[in-house]
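Take a look at the structure below.
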Amino acid sequence: MLNIELKDGKVLEVAPGTTIAQVAEGISRRLAKEALVARFNGKLVDLNRELNEDGTLELLDASTPEGLDAYRHSSAHVMAQAVKNLFPDTRFGIGPAVKDGFYYDFDTEHVFTPEDLEKIEKEIEKIIAADIPFSCRAVSREEALEFFGEKNEEYKVELINELPDESEITMYTQGEFTDLCRGPHIPSTGKLKAMKLLNLAGAYWRGDEKNKMLQRIYGTSFPKKSELEEYLRRMEEARKRDHRRLGRELDLFTLEEEGPGFPFFLPKGMVLRNELENYMREMYAKWGYEEIRTPIILNRALWEQSGHWDHYQENMYFTRIDEADYAIKPMNCPGCMIVYRHGQHSYREMPIRYAEMGLVHRHEKSGVLHGLMRVRAFTQDDAHIFMLYSQITEEIKNVIRMVDEVYRIFGFSYNVELSTRPEKAMGDIALWDKATDDLRQALEELEIPYVVNEGDGAFYGPKIDFHLEDSIGRTWQCGTIQLDFQMPEKFDLTYIGEDGQKHRPAMIHRAIFGSIERFIGILIEHYAGAFPAWLAPVQVRVMSISENNSRYVQELTDRLKAAGIRAEADDRNEKIGYKIREAQMQKVPYMLVAGDKEMEAGAVSVRRRGEGDLGVMPSGDFLERILGEIRERQQ
RNA sequence: GCCAACAUAGCUCAGUAGGCAGAGCGUCGCCAUGGUAAGGCGGAGGUCACCAGUUCGACCCUGGUUGUUGGCUCCA
């Protein structure tokens, strides 16, 4: 008999050869029904696996990440099977589970249409109804190559050839369909309860633009119909808070055909921008920064010196002035290097922190533009910090603390990535290693969880990136901290040390919003357009009940404005319900209703967005309340 | 840049067999003077993204261009 230890510590005795599914059956009917895959002695396995050694066993259902992953990966296989049935000449790429669903890449002459997705869904239903078991078979490399080679599955052959020598090669079969796959899979297709194909996309084979573009079908699947419906409903809700839609509805910004990727900020959007910049300037003062501004157009020699001419040219815009080459800046660094170089610096001044709200232009490929999130002209809340080598770790930690303080004001949660040396890097490897270690050390000393993004650094240095989520869960890089030993070298920057000699300073680039445009995009979706009072383009709308109150409404509005509040009067000849509705849809935080009653009492009736009628209060009390709220930058 | 889809009034969207272009919201005017999410009536508003082609005739069919959307690659 074998001793099988369960997750709760209970030990079962089972006969050798018993399958995991049978073990589950023995424990409870519910487990037998819901378990999808298992972890045996630390390894993920199928439920039909026979137990032939002692070990620890954990049964995984769809509530576990591994279970859900197997469920969705199996869904991908079923979709592939359906595609194979309907379009037999199709060849297969890969089909993994991803966040919120799965995809599979196909190579076929036939170009899939949205109608095809419906047909494929019907075919999927048939496969699920037939409840076909997934079976696994380990094969030799030769056998696998022969099997897929005969079917002209060039992509599978490529994958097999690249598998390391010692790896076990397995093939999974459900019915007529066999796929190269590591597994594990769920026991049978009948376990799939709620599947939906979502969209079609092109995707390069192995994510390399030099390769052929395959057709990718995205789908999702859930253990319950209700969960699928809930997911679709959530996505629909998320679309309502899409910043492109809200940007239009709230008159914040516009993108026009005349300037693809070059956003126009409307008056209300400009208020938002300015509030963010004002806030950031307060942060500059608090954290010891001095603000500078450098030119947008600078000559070719500068860009050659900085390395951008060689490393960044395809992203730059150029112009000519008096027969000489100039470039529009894609980054602020070189300008800032000149500012540093302009004067003499002593070790006593360090660290020197130069901040710049720098407008940069980058030629982004047409297909990547996305509302405010990815544009061709944007303003970075940039800063370059020059310091002694001994100050690096502490300074990086300071920046991380500052980022945290800023994100906290908006109630953001963020994730942190450490990006290391890319292939197209400048400078020597020892410096890169030192820089990367410094960044890592700062993160570890502050106990910030992070993931490493190998090869994703900038061409001049490694970086810590802060990523924020949009409404549908896509993440966007916003804050960044980059340690750069190259730029001070290239520009021969020095300071005079204690010893009276010239020394090379270390430098950090950092941005907290990242790009003000992108940050606004994220903010719009984060708040669904309902900004806290300090950010709201219109903070108060004062509404009259009838024409009698028009003058009072004007006076109130003027008084609010005089106190620095963004107030608007609405004394139009409309019913109060209509005015409320409109202010509510414009997501104005405070709506003041002023009728005869209020007018006589010198009071206002206060309605708060999201909270409703707060009752009547003296207008002075209201003023105090909102001023406090704005001053505190309350959420 | 690549794959696919889409582009009709300020916005959201109908529309046709290839034969005078439609709604709701918004806007403007008039009436109604009102109490916390839409009062009533009327008017204006369109080179159907752009350029070619096919046709007696093109918003509709074909080709191209531009832009947008979803992805891929790339990235703040």
Side-chain angles (χ1 to χ4, degrees), chain A residues 103 105 111-114 116 198-218 239 242 244-245 248-249 251 254-261 312 314-315 330-332 358 360 362-382 419 456 458 463 465-468 472 474 476-480 482 509 511-519 521-522 543-550 573-586 591-598 605-609 612-616:
Chain A
Y103 67 79
D105 286 344
V111 176
F112 291 127
T113 63
D116 289 335
L198 298 172
N199 47 42
L200 284 162
Y204 299 109
W205 166 238
R206 315 202 84 178
D208 187 334
E209 64 181 327
K210 291 195 266 307
N211 288 341
K212 180 166 184 184
M213 182 157 272
L214 308 181
Q215 298 185 68
R216 175 172 297 180
I217 301 179
Y218 281 92
R239 269 186 278 277
D242 187 309
R244 292 164 298 189
R245 175 179 176 148
R248 194 169 42 238
E249 288 174 1
D251 292 316
T254 177
L255 284 155
E256 302 290 331
E257 197 160 336
E258 290 83 351
Y312 208 70
E314 69 272 26
N315 283 302
M331 295 184 192
N332 303 300
V360 298
R362 296 184 186 173
H363 178 68
E364 301 293 351
K365 291 174 180 173
S366 55
V368 308
L369 301 177
H370 184 96
L372 288 185
M373 304 294 201
R374 189 82 183 269
V375 293
R376 286 178 170 150
F378 56 101
T379 304
Q380 295 180 305
D381 62 316
D382 217 342
S419 298
D456 223 24
K463 53 185 189 166
D465 292 329
F466 297 82
H467 294 248
L468 299 174
I472 61 171
R474 288 179 291 213
W476 298 88
Q477 185 192 316
C478 291
T480 182
Q482 310 178 354
H509 311 249
I512 297 180
F513 295 149
S515 126
I516 293 180
E517 287 74 7
R518 175 176 292 181
F519 199 78
I522 296 273
M543 295 172 275
S544 56
I545 298 279
S546 79
E547 276 172 358
N548 295 336
N549 322 118
S550 200
N573 235 337
E574 293 291 349
K575 291 218 159 94
I576 192 67
Y578 180 88
K579 297 184 189 181
I580 295 273
R581 177 180 151 84
E582 202 176 83
Q584 196 74 44
M585 288 196 309
Q586 284 293 307
M591 289 151 272
L592 301 187
V593 177
D596 294 343
K597 268 188 298 183
E598 290 81 2
S605 173
V606 180
R607 182 187 166 97
R608 168 113 183 116
R609 174 195 66 204
D613 196 348
L614 302 183
V616 178

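All values derive from a computational prediction rather than experimental measurement. Quick note on labels: first sequence line is chain A, next is B, and so on, each numbered from 1.
Between A:F378 and B:A76, a base-stacking contact is recorded: ring centres under 5.5 Å apart, planes less than 30° from parallel.
At a threshold of 4.0 angstrom between heavy atoms, the contacts of A:T480 with the nucleic acid are absent. Residue contacts shown for A:R474 are limited to sugar-phosphate atoms, with no base heavy atom under 4.0 Å away. Residue A:Q477 is in sugar-phosphate contact alone, with no base atom involved, counting any heavy-atom pair closer than 4.0 Å across all strands shown. Residue A:Y218 is classed as a sugar-phosphate contact, given heavy-atom separations below 4.0 Å to backbone atoms only.
The distance from atom CH2 of A:W476 to atom P of B:C74 is 14 Å, rounded to the nearest whole Å. As rounded to whole Å, 16 Å separates atom P of B:U73 from atom NE2 of A:H370. Remark: P of B:U36 and CD of A:Q586 are 21 Å apart, rounded to the nearest angstrom. Nucleotide B:G67 holds its P atom 16 Å from the NZ atom of A:K365, rounded to whole Å. Straight-line distance from the CG atom of A:L369 to the P atom of B:U69: 8 Å, rounded to whole Å. The nearest whole Å value for the distance from the CD atom in A:E257 to the C1' atom in B:C6 is 14 Å. Remark: P of B:U33 and NZ of A:K579 are 14 Å apart, rounded to the nearest angstrom. Look at NE2 on A:H509: it is 11 Å from P on B:A76, rounded to the nearest Å.
Counting only heavy atoms from C-beta on, A:S605 has its side chain closest to B:U36 among B:U69, B:G39, B:U36. The side chain of A:E547 lies closest to B:U33 when the candidates are B:A37, B:G35, B:U33. Closest to the side chain of A:M213, from the set B:C2, B:A37, B:A76, is B:C2. Side-chain proximity of A:K597 to the nucleotides B:G71, B:A76, B:G35 is greatest for B:G35. Among the nucleotides B:G35, B:G26, B:C75, the one closest to any side-chain atom of A:R374 is B:C75. Taking the side chain of A:D456 as heavy atoms from C-beta on, and the options B:U36, B:C75, B:G70, the nearest nucleotide is B:C75.
The base of B:C74 lies outside donor-acceptor range of the side chain of A:R362, with no N or O pair under 3.5 Å. One cannot find a donor-acceptor pair under 3.5 Å joining the base of B:U33 and the side-chain atoms of A:N548. Interface remark: the A:E598 side chain does form a donor-acceptor pair with the B:G35 base, using a distance-only criterion of under 3.5 Å. Put simply, the side chain of A:Y204 and the base of B:G1 share a donor and an acceptor less than 3.5 Å apart.
At least one donor-acceptor pair under 3.5 Å links the side chain of A:K579 to the backbone N or O of A:S544. Listed for the A:Q380 side chain is no donor-acceptor partner under 3.5 Å among the backbone atoms of A:I512.
Residues A:V593 and A:D613 have side chains not in contact (no heavy-atom distance under 4.5 Å, counting atoms from C-beta outward).
Of all nucleotides present, none satisfies the Watson-Crick or G-U wobble test against B:C20 with each distance under 3.5 Å. Nucleotide B:G70 forms a pair with B:C3, judged by Watson-Crick or G-U wobble geometry with both contacts under 3.5 Å. The partner of B:G42 is B:C28, by the rule that a Watson-Crick or G-U pair needs both atom distances under 3.5 Å.
Taking a cutoff of 4.0 Å between a charged side-chain nitrogen and a carboxylate oxygen, A:K463 and A:D465 qualify as a salt bridge.
When each of A:R376, A:R374, A:H370 is checked for a side chain to side chain donor-acceptor pair (under 3.5 Å) with A:E364, only A:R374 meets the rule.
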